[in-house]
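Computed over heavy atoms, backbone and side chain alike; hydrogens, waters and symmetry mates excluded.
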Amino acid sequence: MTATPPTPASFTAPEKKITLIGLMVVFLLAALSQNIVGTAMPRIVEELNGFSLYAWVTTSYLLASTVMVPIYGKLSDLYGRKPILVFGVIVFLIGSALCGLAGEPWLGNFLGGGMNQLIAARAVAGFGAAALITIAFTILGDMFEPAERARFGGLFGAMFGLSTVIGPVIGGFLTDNLSWRWTFYANLPLGLLALFMIIAKMPSLSHRQGGKVDVLGTLFILTTTIPLLLALTWGGVTYPWTGGVILGLLAASLASLVAFLVVESRTKDAIIPLNLFRVPIYSVGNLAGFILNIAFFGVIMFLPLYMQLVLGVSPTKSGTSMLPLMGGLILTSIVAGNVVARTGKYKPWMLAGGVILIFGLWSLTGITAHTTLPDLYWRMFLVGLGLGPTQSLFTIAIQSGVPQAQLATATSSSQFFRQIGGTIGAAVFGTLLMNNLATEMPRHLPQVPGAQMNAKSIDMKALRTAGTGSDTTGQKIQAALDAQYAQIEQALNGDAAAQAAIRANAQLPAELKALATGGLKAQVHRTLSAQADAVRRALSAGEAGRNTLLASAETPDALKTRLRAIPAQALATPQSSAAVAGQFAQGLLAQEAAAYDQAKTQALAGLKTKFDEQATTLAAQVSSGMKEGFTASVVRMYRDAIWFAVAGLIVMLFVPVIAIRTGQKSAPTAAPVPADGPEPVTPARS
């Protein structure tokens, strides 16, 4: 006997309205958590000294939220939407508070320092945030008809766009005027408001289904994702791509993926039912969304970094400078959502967005270290126009193509694939940037005494002050040259350790090394010895020799004075002349210590003048070189992003066209998908 599906729940207009408002607050909270931090990140990694871990702050958040997306979808099927949403908001608020505390002195070296503390806290926040967006879209599917979902999906895309507008602005303002910690604390009041609306105002939405949580599937998602992200993050930076560590991580990820597929194919309550992949719109749409989100995060993660470090704008200004990108995103997201709600034709918008995105990314490869903000704005606007249609249309199409019984699972897993794309994008482009910096910085930076620039020891403050034009870089270079000058002075004074350090310094010219390690003293000795020999020979010839020395321009004035004081009778005979010559020669050789001190003083004075001039020149070259090197690294990264966008566009060509279902209620339960796949969906007529 076949069980009759339960009657779809009906909701009053006020319930729908208050629920929609609550969902928008929840969605805004989740979206803000991703966007408010971006403009603060340069200051965060500068203060916590963690530029090499820059991408992990985003990666840890996305990884935790991504892995939990399908889990929350299944849990909401088992225990209801509302309890899971409340749980997610609470965990998210705890994680946000912990993020703000990262690096506080009283935490000491817990977890290895402030940067690691922040990464761990972001993972906690991501663990909770996964429920926010997933359950929000699922409730939208529960309560509203498909045509309404298309319209409201565009509205939610606009909310995401709004968060990407006000998030960077708020984040920059808080960073400039309070502290970067307030970019996390700011989530707390909005989160408490969302929590109140969910608990007090939202309908119960209790339509629990049977089954159980796929624990084994969840475990294999973790063991597939984490090694892959570690390999993508460490590859070419910490370990070579062909090394045992990276190959081992990739092999472990692949083995876990195979195990996951085997387990899911045999599990009744699979966290990602494999039969959904038999629905073309589900499989192809998720693949396209996955690839495009890789490119998406490659764009938005590093624009604030470029603007602050290269163009020299403040965090607040870099936040407002994101408006063109987000304006284009909001515009096409709203327009596409409303047009698709009326016409049901989504594929032209997807393809048009993909083409514009490629062109926008190509335009970003034209930025330089001297690009003006207005010149950057139109490039960002194009990127935003291309990104807009991809923010909601994939979800709308997928929700119309899968059976209603698996709506929550399909929605959450679709979100999972897009978020895993963003997570991989953060890891991949973070690694690309680090590798590019390791290549480009040496090409653009001069050699600075006592300093070495590489991808693992990027001085964020030096980069930022290079962008703003302050003299911090010049002060550091002057200090380095002063230290080198002091070492040379010690070497000239006979310090053996200083002489050894100078011999080992590859940055010093060979002539200066030789001079400081005994060359000057030898030079003074040779000069005095040659002078003493010349005087001995000349005076041995008597009065004629004295006259020759007095007439010579090479004879020092002090020596001429002493020569004039010699009595004539002292040079009258060969014997007396030889005696005087010997005394003069010995007197000259006895002055070697004083002559060396005088020569040393003159050499150091000249060297100090040269070093001061060199410090000024190097400061200008380093400031310019850091900006040019960083820009070249970002440009190479955007060139790589184009290929991901092209791949996404190619996949979108194969996205099937189906009808967006209209005029029917969204039932929370329905007949399960048969073993051989869901019933076919009638394609839309052209």
> Would you kindly say whether Ser253 and Ser256 are connected by a side-chain donor-acceptor distance under 3.5 Å?
no
> From Gln117 CD over to Leu107 CG, what is the distance, rounded to the nearest 0.5 angstrom?
4.5 Å
> Give the minimum heavy-atom separation between Ala603 and Leu520, together with the two atoms involved.
CB-CD2, 4.3 Å
> According to the side chain to side chain donor-acceptor pair (under 3.5 Å) rule, which pairs have a member within residues 541-550, sequence neighbours left out?
Glu543-Arg546
> Are the side chains of Leu249 and Leu228 in contact, using a 4.5 Å heavy-atom criterion?
no
> Would you say Trp643 has more than 12 foreign heavy atoms packed within less than 6.0 Å of its CH2?
no
> Between Arg379 and Asp375, is there a salt bridge with N-O shorter than 4.0 Å?
yes
> Any side-chain donor-acceptor pair under 3.5 Å between Ser321 and Tyr377?
yes
> Measure the shortest side-chain to side-chain distance between Asp176 and Ser314 over non-hydrogen atoms and say whether it is less than 4.5 angstrom.
yes
> Taking C-beta and beyond as the side chain, do Met637 and Asn436 meet within less than 4.5 Å on heavy atoms?
yes
> Could you note down all residue pairs passing salt bridge (Lys or Arg N to Asp or Glu O under 4.0 Å) where residues 95-104 supplies at least one of them, sequence neighbours left out?
Glu104-Arg181
> Under 4.5 Å between any side-chain heavy atoms of Trp180 and Leu174, yes or no?
no
> Look at the side chain of Thr368 and the backbone N and O of Thr371, then say whether any donor-acceptor pair between them is shorter than 3.5 Å.
yes
> With a 4.5 Å limit on heavy-atom distance, are the side chains of Leu311 and Leu376 in contact?
yes
> Can you name the nearest heavy-atom pair linking Tyr185 to Ala97, along with the distance?
CE2-O, 3.8 Å
